[in-house]
Amino acid sequence: MTGGELCASCGAEVGRTRDGLCPECWYSAPERPKPVRDRFEKLRALEAAGYEPFAYGFEVTDSLRGARERHQAQSTGAPDEEMRVRVAGRILSLRDLGGSAFAHLGDRDGRLQVYFKRNVLSERDAALLDLLDLGDWIGVSGALFTTRTGELTVRVEELVLLAKTLRPLPLGKEEVTGDGERVVHGGFSDRESRYRQRYADLAVNPEVRRMFALRTRIVSGLRAFLDARGFLEVETPILQPLYGGAAARPFTTHHHALDTRLYLRIADELYLKRLLVGNLERVYEIGKDFRNESIDRTHNPEFTMLELYQALADYRTMMELTEEMVTTVLGEACGTLRLSWEGREVDLTPPWRRVPYRELVLEEAGVDIASASDGELRRAAREAGREDAASLSRPALVDALFSAKVEPGLVAPTIVYDYPIEMSPFAKPKRGDPTLAERFEVVVGGHELVNAFSELNDPVDQWRRFAEQAARREAGDEEAQGFDEDYLRALEYGLPPTGGLGMGVDRLVMLAAGQDAIREVILYPILRPGEEA
RNA sequence: GCGCCGCUAGCUCAACUGGCAGAGCAACGGACUCUUAAUCCGUAGGUUCUAGGUUCGAUUCCUAGGCGGCGCACCA
């Protein structure tokens with residue numbers, strides 16, 4: 001007697017019921033869709049007949065794609081060669097012709113037809129065939145042959161059930177047109193359902209699997225590129241007593257044992273630069289940052305950032321590095337540098353255009369930010385559609401102009417450099433012009449992709465910048481930097497001249513994959529908790 | 001946070017100015033031993049997102065809420 005809940009239908013004791021029911025009653029309840037009840041019945045029939053509906057493994061000779069490739073490599077053009085394979089996958093389609101049946105199996109990156117001929121199968125395997133459903137995982141062995149219609153197919157001699165599905169997958173029907181093009185009919189396309197049930201999305205939509213494989217290639221490519229140049233990959237704290245390195249509202253949490261407030265990092269910047277003080281002269285980190293801001297097509301509250309820092313370098317070095325890194329990695333991952341994003345052609349072929357920030361604002365907004373009065377800036381910002389121009393500070397006005405008039409038009413990759421220094425609390429002043437910072441951003445397809453600068457390494461100057469930020473914070477700007485004394489202490493030990501950059505990895509993947517929504521490139525994007533299925 | 005749009009069977013979608021809630025796929029029964037969006041015959045499947053309201057009658061109109069999509073604002 002453990003005091004578990006009782007099934008409202010059959011009275012069986014269960015640790016935890018669903019809708020008041022034990023598993024047996026729940027899967028058989030009339031509220032379940034018919035396909036679920038049918039499958040559960042088949043599951044019990046399988047068990048009764050001595051089949052193992054959830055196997056422990058299956059040795060294959062080839063992946064589905066591998067079988068096809070091996071066949072092609074060994075093929076001499078003669079018909080019906082005897083090449084035996086043992087393969088496994090999900091049943092994606094099933095056409096039962098009575099005495100025989102065809103099915104397509106799908107695995108992570110392949111698809112292969114299998115052919116069941118009842119008088120070839122053992123009685124036991126033939127009986128199993130009747131209990132299969134779309135979505136089930138099976139393993140088969142047999143010889144490859146080509147059907148009359150020319151499709152490579154396994155003639156199944158042995159059939160093994162690997163995992164029974166109790167819920168129908170939202171499979172569409174795939175048509176191969178005369179041109180060899182694949183058209184999916186029906187299918188699973190509702191964005192909300194796809195994000196909430198990403199497992200079903202992945203299982204059913206191979207292009208989604210391909211997209212995430214591309215993402216992985218890109219991230220691996222970034223690592224390989226940096227590792228080859230002597231950068232050390234490191235991990236810095238996600239839970240931080242002070243947040244900084246960017247302007248954003250943080251997530252807050254609490255540590256019980258220390259009884260202290262902690263923040264989820266909004267950037268890696270300050271911890272990474274401390275490592276250069278410690279003579280780890282080239283470091284990078286690829287990890288999640290967290291910003292407690294709204295969610296839209298290009299923003300998810302947790303997102304992946306690459307930050308890297310290189311000693312004895314400045315922002316010019318970073319321009320070279322960025323251009324080479326992005327073109328190398330995307331070139332390898334995508335096979336081309338001519339991409340299409342949000343309906344526009346984006347050609348990443350280097351060299352990228354480099355333009356001073358001030359010049360772009362002058363060109364596109366008609367305002368010289370070096371000489372314009374506050375009033376002129378305000379007027380221009382209002383013309384650009386900013387109703388709240390009257391309440392904005394000078395740097396905010398300039399930024400509003402840039403965002404509204406300049407950024408959307410920068411389709412080809414553009415290195416925008418020399419930002420106003422007020423907007424850049426961690427960047428060194430520009431040599432020869434202390435009103436500017438040695439900072440650049442890369443804008444592609446109208447979106448900011450990279451932010452980089454010659455890192456500020458003068459502790460006294462950094463102190464003043466922190467003080468300005470602190471004043472802003474006291475004035476109610478929640479996104480202003482906190483005053484980080486430990487970081488100042490680190491700078492006092494001597495940060496070498498350093499170039500650093502941050503790149504939004506999700507956006508890089510969006511660009512590479514031609515996706516218009518960040519949620520398409522994040523496996524589990526944030527959603528409001530929804531109803532249970 | 002604001003505005004617009006959406007939510008109907010497991011999936012993809014219909015249902016006119018308010019009048020018995022439908023189709024295709026999937027499922028189930030049957031036929032078919034080279035099919036491929038297989039085909040043919042038959043069957044079953046619904047809290048129309050939720051709660052109120054108007055009405056003889058609401059998937060449809062109204063109010064509030066939930067979730068989502070798109071846009072704006074925010075995100076230096």
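In what follows, chains carry the letters A, B, and so on, assigned in the order in which the sequence lines appear, proteins first and then strands, with residues in each chain numbered from 1.
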Residue-phosphate contact under 4.0 Å: A/R37 side-chain N/O, B/A27 OP1/OP2: no
Between B/U47 and B/G52 - C1' atom distance, rounded Å: 16 Å
Salt bridge (charged side-chain N to carboxylate O under 4.0 Å, His left out), paired with A/E302, selected from A/R519, A/K288, A/R265: A/K288
Pair A/Y195, A/E520: side-chain N/O donor-acceptor within cut-off below 3.5 Å: yes
A/D289 and A/Y243: side chain donor to acceptor below 3.5 Å: no
Nearest-Å distance once atom C1' is located in both B/G66 and B/A73: 23 Å
Same-atom distance (P) from B/G45 to B/U17, integer angstrom: 31 Å
Phosphate OP1/OP2 of B/A26 contacted by A/K173 side-chain N/O (<4.0 Å): yes
Of the listed nucleotides B/C74, B/G68, B/C34, the one nearest the side chain of A/D296: B/C74
Selected nucleotide, minimal atom distance to A/P35 side chain, candidates B/A38, B/A27, B/U33: B/A27
Closest to the A/L134 side chain, choosing from B/A26, B/U12, B/G10: B/A26
Minimum-distance nucleotide to A/R519 side chain [options: B/G68, B/C70, B/U12]: B/G68
A/R196 side-chain proximity, nearest of B/G68, B/C28, B/C34: B/G68
B/G10 to B/A44 separation - C1' atoms, rounded to the nearest Å: 14 Å
Presence of donor-acceptor pair under 3.5 Å, side chain of A/D96 and base of B/U35: no
Of the listed nucleotides B/U35, B/U12, B/A73, the one nearest the side chain of A/D190: B/U12
Centroid-centroid distance, A/F453 to A/Y315, less than 6.0 Å: no
From B/G71, B/U35, B/G10, nucleotide with atom closest to A/P168 side chain: B/G10
Shortest side-chain distance from A/L97, nucleotide among B/A37, B/C32, B/U12: B/C32
Ring centre gap for A/Y27 and A/F40 strictly below 6.0 Å: yes
Among B/A37, B/U12, B/U35, the nucleotide that comes nearest once only the side chain of A/T147 is considered: B/U35
Per A/R528 side chain, nearest of listed nucleotides B/U33, B/G68, B/A73: B/G68
Atom C1', compared across B/C67 and B/A31: separation rounded to whole Å: 46 Å
Base paired to B/G42 (Watson-Crick or G-U; both N/O distances under 3.5 angstrom): B/C28
